Amino acid sequence: MLKIWSMKQQQQQAENAEGAAGKKKKKVTAAQLRVQRDLQELTLGNTMKMTFPNPDDILNFTLTIEPDEGMYKGGAFHFSFNVNQNFPHDPPKVKCTQKIYHPNIDLEGNVCLNILREDWKPVLNLNAVIVGMQFLFLEPNASDPLNKEAADDLRSNRDAFKRNVRTSMAGGTVRNIQYERVMK
């Protein structure tokens, strides 16, 4: 018991010395530990890449999805991920940084994915979110839309929807809305 006490005192003295020398030791939060583990377990295919604007901040990053099949093939779509300190109890906040024509992504970049809202559970990880995001580009869901006009087009005339997707990805105008060019 005495040995543990003296080790604790030595550790405290070392920390105090570092603090006095101006070396403040950063505390690692539970959210950072979980995100670090999730990132180590990630399996990004060749259609996705992650970038960290601030390498010291693993809770905020960008995911780029470049679908190699489906209606959105040939595009590059960027999403900002913001993971708060209550992760994994709260889902990450995900936003598309471009204006795109998609039934499950509104013009402000909000993403409609059930596991980012009501179906989130702490056992889910970042890989589950990223796979869900990728699936939105392979199979847009018209039954749970954020962009109702795009969902109506997908339901009523799939060919017209595909044309609108292509026009918007090329930087054209669909329904009087100008889109950014996202083609690679």
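Please read these numbers as outputs of a predicted model, since none were measured by experiment.
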J.: Side chains of I177 and E149: closer than 4.5 Å at any heavy-atom pair?
T.: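 Side chain of I177 against side chain of E149, heavy atoms only: no contact under 4.5 Å found.
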J.: What's the separation between atom CD1 in I105 and atom CZ in F79, rounded to the nearest 0.5 Å?
T.: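 Reported value, rounded in 0.5 Å steps: 4.0 Å.
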J.: Please answer whether the main-chain N or O of P92 pairs with a side-chain N or O of W120 as donor and acceptor at a distance below 3.5 Å.
T.: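 No; zero donor-acceptor contacts below 3.5 Å.
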J.: Evaluate the side-chain contact (heavy atoms from CB on, under 4.5 Å) criterion for residues D38 and F87: first the C-alpha distance (whole Å), next the side-chain angles of each, then the deciding distance (0.1 Å), finally the verdict.
T.: CA-CA 11 Å; D38 282 4; F87 183 79; 3.6 Å; yes
J.: Let me confirm one number: the CD-OH distance from Q98 to Y179, rounded to the nearest 0.5 Å.
T.: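 Between Q98 CD and Y179 OH, I get 12.5 Å after rounding to 0.5 Å.
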J.: Between P145 and S143, what is the shortest heavy-atom contact and its length?
T.: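 Closest pair (atom of P145, atom of S143, distance): CD-C, 3.5 Å.
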J.: Over all heavy atoms of both residues, which pair between V111 and L146 is shortest? Give the atoms and the distance, please.
T.: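 So the minimum-distance heavy-atom pair works out to C-CD1, 3.7 Å.
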J.: Calculate, to the nearest 0.5 Å, the distance between atoms OG and CZ belonging to S168 and R181 respectively.
T.: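 The CZ atom of R181 is 11.5 Å from OG of S168, to the nearest 0.5 Å.
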J.: Considering all heavy atoms of both residues, which atom of P140 and which atom of L154 are nearest to each other, and what is their separation?
T.: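 Shortest heavy-atom separation between P140 and L154 comes out as O-CD2, 3.7 Å.
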J.: Do M50 and L39 come close enough that some side-chain heavy atom pair is under 4.5 Å?
T.: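 The answer is yes; the side chains approach within 4.5 Å.
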J.: Taking the side chain as C-beta and beyond, is there a heavy-atom pair between Q32 and V83 under 4.5 Å?
T.: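 No, too far: nothing below the 4.5 Å cut-off.
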J.: Could you list the donor-acceptor pairs under 3.5 angstrom formed by side chains in residues 122-132, with sequence neighbours left out?
T.:
| from | atom 1 | to | atom 2 | distance (Å) |
| --- | --- | --- | --- | --- |
| N125 | OD1 | N127 | N | 3.1 |
| N125 | OD1 | A128 | N | 2.9 |

J.: Measuring only between side-chain heavy atoms, which start at C-beta, is P91 closer than 4.5 Å to I115?
T.: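 No - every pair of side-chain heavy atoms lies 4.5 Å or more apart.
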J.: Mind checking whether F161 and R155 have side chains closer than 4.5 Å, heavy atoms only?
T.: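 A side-chain contact under 4.5 Å is absent here.
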J.: Which pair of heavy atoms, one from Q178 and one from T173, lies closest together, and at what distance?
T.: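 Nearest pair, atom of Q178 first, then T173: OE1-OG1, 2.8 Å.
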J.: Out of curiosity, E180 CD to T97 OG1, how far, rounded to the nearest 0.5 Å?
T.: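 Output value for this atom pair is 7.5 Å.
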J.: Test your reading of the model: is there a side-chain donor-acceptor pair from N82 to the backbone of K93, 3.5 Å cut-off?
T.: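 The answer is no, because no donor-acceptor pair under 3.5 Å joins these two groups.
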J.: Just so I know, are the side chains of C112 and R117 near enough to count as touching, which here means a heavy-atom distance under 4.5 Å?
T.: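 Answer yes - side chains close enough.
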J.: Tell me, do T47 and F137 make a side-chain contact under 4.5 Å, heavy atoms counted?
T.: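 When only atoms from C-beta onward are counted, F137 and T47 do not touch, as no gap falls below 4.5 Å.
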J.: Is the count of non-hydrogen atoms from other residues, nucleotides or ligands lying under 6.0 Å from K49 atom NZ greater than 12?
T.: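 It does not: K49 NZ has 12 such atoms or fewer within range.
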J.: Please determine whether a side-chain nitrogen of the Lys or Arg among D152 and K148 lies less than 4.0 Å from a carboxylate oxygen of the Asp or Glu.
T.: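 Looking at K148 together with D152, the answer is no, because their closest N to O distance does not fall below 4.0 Å.
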J.: Which atom pair, heavy atoms only, marks the closest approach of Q36 to I58?
T.: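 Closest heavy-atom pair between Q36 and I58: N-CD1, 3.8 Å.
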J.: Would you say the side chains of N60 and D57 form a donor-acceptor pair under 3.5 Å?
T.: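 Present: a donor and an acceptor within the cut-off.
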J.: Determine whether L42 and M133 fall in the same hydrophobic cluster, where Ile, Leu, Val, Met, Phe, Trp and Tyr are linked whenever their side-chain heavy atoms lie under 4.5 Å apart.
T.: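 Same cluster.
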J.: In this structure, would L138 and V182 fall into the same cluster of hydrophobic residues linked by side-chain contacts under 4.5 Å?
T.: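 Looking at the clustering, V182 is in a separate group from L138.
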J.: Please determine whether residues L59 and L33 belong to a single hydrophobic cluster, defined as Ile, Leu, Val, Met, Phe, Trp and Tyr linked transitively by side-chain heavy-atom distances below 4.5 Å.
T.: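 Result: no, two separate clusters.
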J.: Identify the two heavy atoms, one from K184 and one from A76, that lie closest to each other, and give their separation to 0.1 Å.
T.: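 So the minimum-distance heavy-atom pair works out to CG-CB, 4.0 Å.
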J.: Using a 3.5 Å distance criterion without hydrogens, assess whether the side chain of D106 forms a donor-acceptor pair with backbone atoms of N110.
T.: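 At least one qualifying donor-acceptor pair exists.
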J.: Side chains of residues 61-74: which donor-acceptor pairs under 3.5 Å do they make with residues two or more places apart or in other chains?
T.:
| from | atom 1 | to | atom 2 | distance (Å) |
| --- | --- | --- | --- | --- |
| T64 | OG1 | H78 | ND1 | 2.8 |
| Y72 | OH | Y101 | O | 2.7 |

J.: When you compare the side chain of L113 with that of V94, does any pair of heavy atoms fall below 4.5 Å?
T.: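 No; the side chains remain at least 4.5 Å from each other.
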